[in-house]
Enquirer: 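One structure coming up, written as structure tokens, with questions to follow.
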Amino acid sequence: MNIRIFLAANPSEFRHRLERELSCCSGLELFCTGTGISDLLSGIGRKFDIILIDSRLFYVISGSIVGNAYELIANIRKTSTIVPIIMLGDGTVLADRIHALQSGSDDFLDWEVGPEELEYRIKNWVKRARRQELA
């Protein structure tokens, strides 16, 4: 199963750790971006199988800070309801988890999630989404 993953995270040790860990997983193709996501927003659900978003993300369009991770999720959901979105953040903060789910995220994982768990969650969400597309 070849899975195209879009990772929206500003450059950080967390992003670099995810890049290292996911690059070791068979069948996963990782595409990363930080603040400059504007080019990818159009049709993002058709370009990628799953989207991972760091809760600390902020993004820029035309040189101005436009939004945060929660707003990005809401913008993606305007054009794609099927592509799974997983937000990664501080799992101890209930308000952040609720806000992510209210914005349209399918799942919320703690930044400390292990690579094996993350890999299987990605594969399971993509499997469900692909079945939904065929229905």
Enquirer: When rounded to the nearest 0.5 angstrom, what is the spacing between CG in N10 and CG in L57?
Expert: 5.0 Å
Enquirer: Output yes when R121 and D107 qualify as a salt bridge under the 4.0 Å nitrogen-oxygen rule, no when they do not.
Expert: yes
Enquirer: Please report the interatomic distance CD1(I50) to CZ(F6), rounded to the nearest 0.5 Å.
Expert: 13.0 Å
Enquirer: Nearest 0.5 Å please: distance from the CZ atom of R4 over to the CG atom of L30.
Expert: 11.0 Å
Enquirer: So how far is it from S55 OG to I73 CD1, rounded to the nearest 0.5 Å?
Expert: 9.0 Å
Enquirer: For a 4.5 angstrom cut-off between non-hydrogen side-chain atoms, does R77 reach V83?
Expert: yes
Enquirer: What heavy-atom pair brings E119 and C25 nearest, and what distance separates the two atoms?
Expert: OE1-SG, 3.5 Å
Enquirer: Can L7 be reached from Y120 by stepping across I, L, V, M, F, W or Y side chains whose heavy atoms are under 4.5 Å apart?
Expert: no
Enquirer: Run the numbers on I3 and I122 for side chain to side chain contact (heavy atoms under 4.5 Å, CB included), then give the verdict.
Expert: CA-CA 9 Å; I3 298 174; I122 288 169; 4.1 Å; yes
Enquirer: For a quick test of reading the model, state the closest non-hydrogen atom pair linking M87 to S105 and the distance between them.
Expert: N-OG, 3.5 Å
Enquirer: Please lay out, stage by stage, how D106 and W125 fare under the test side chain to side chain contact (heavy atoms under 4.5 Å, CB included).
Expert: CA-CA 9 Å; D106 297 293; W125 275 112; 3.7 Å; yes
Enquirer: For a quick test of your reading: what N or O donor-acceptor pairs under 3.5 Å do the side chains of residues 92-101 make, sequence neighbours left out?
Expert:
residue: T92; atom: OG1; partner: D90; partner atom: OD1; Å: 2.6
residue: T92; atom: OG1; partner: D90; partner atom: OD2; Å: 3.4
residue: R97; atom: NH1; partner: G91; partner atom: O; Å: 2.4

Enquirer: For residues C32 and R15, report the shortest heavy-atom separation together with the two atoms involved.
Expert: CB-NH2, 3.3 Å
Enquirer: Charged N to carboxylate O below 4.0 Å: is that the case for R17 and E13?
Expert: no
Enquirer: Is it possible for you to check whether R56 lies under 6.0 Å from the centre of the six-membered ring of W111, through NZ or CZ, and within 45° of that ring's axis?
Expert: yes
Enquirer: Rounded to the nearest 0.5 Å, how far apart are CG of L18 and CG of L118?
Expert: 6.5 Å
Enquirer: Spell out, as yes or no, whether a donor-acceptor pair under 3.5 Å connects the side chain of S80 to the backbone of I76.
Expert: no
Enquirer: CD1/I82 to CZ/R128 distance, rounded to the nearest 0.5 angstrom?
Expert: 14.5 Å
Enquirer: If you take all heavy atoms of F14 and L88, which pair is closest and at what distance?
Expert: CZ-CB, 3.8 Å
Enquirer: What are the two closest non-hydrogen atoms of G104 and I85, and how far apart are they?
Expert: O-CD1, 4.5 Å
Enquirer: Might you point out which heavy atoms bring N2 and R130 nearest each other, and give the distance in Å?
Expert: O-NH2, 2.8 Å
Enquirer: Is it true that a side-chain atom of E71 and a backbone atom of N68 form a donor plus acceptor pair closer than 3.5 Å?
Expert: yes
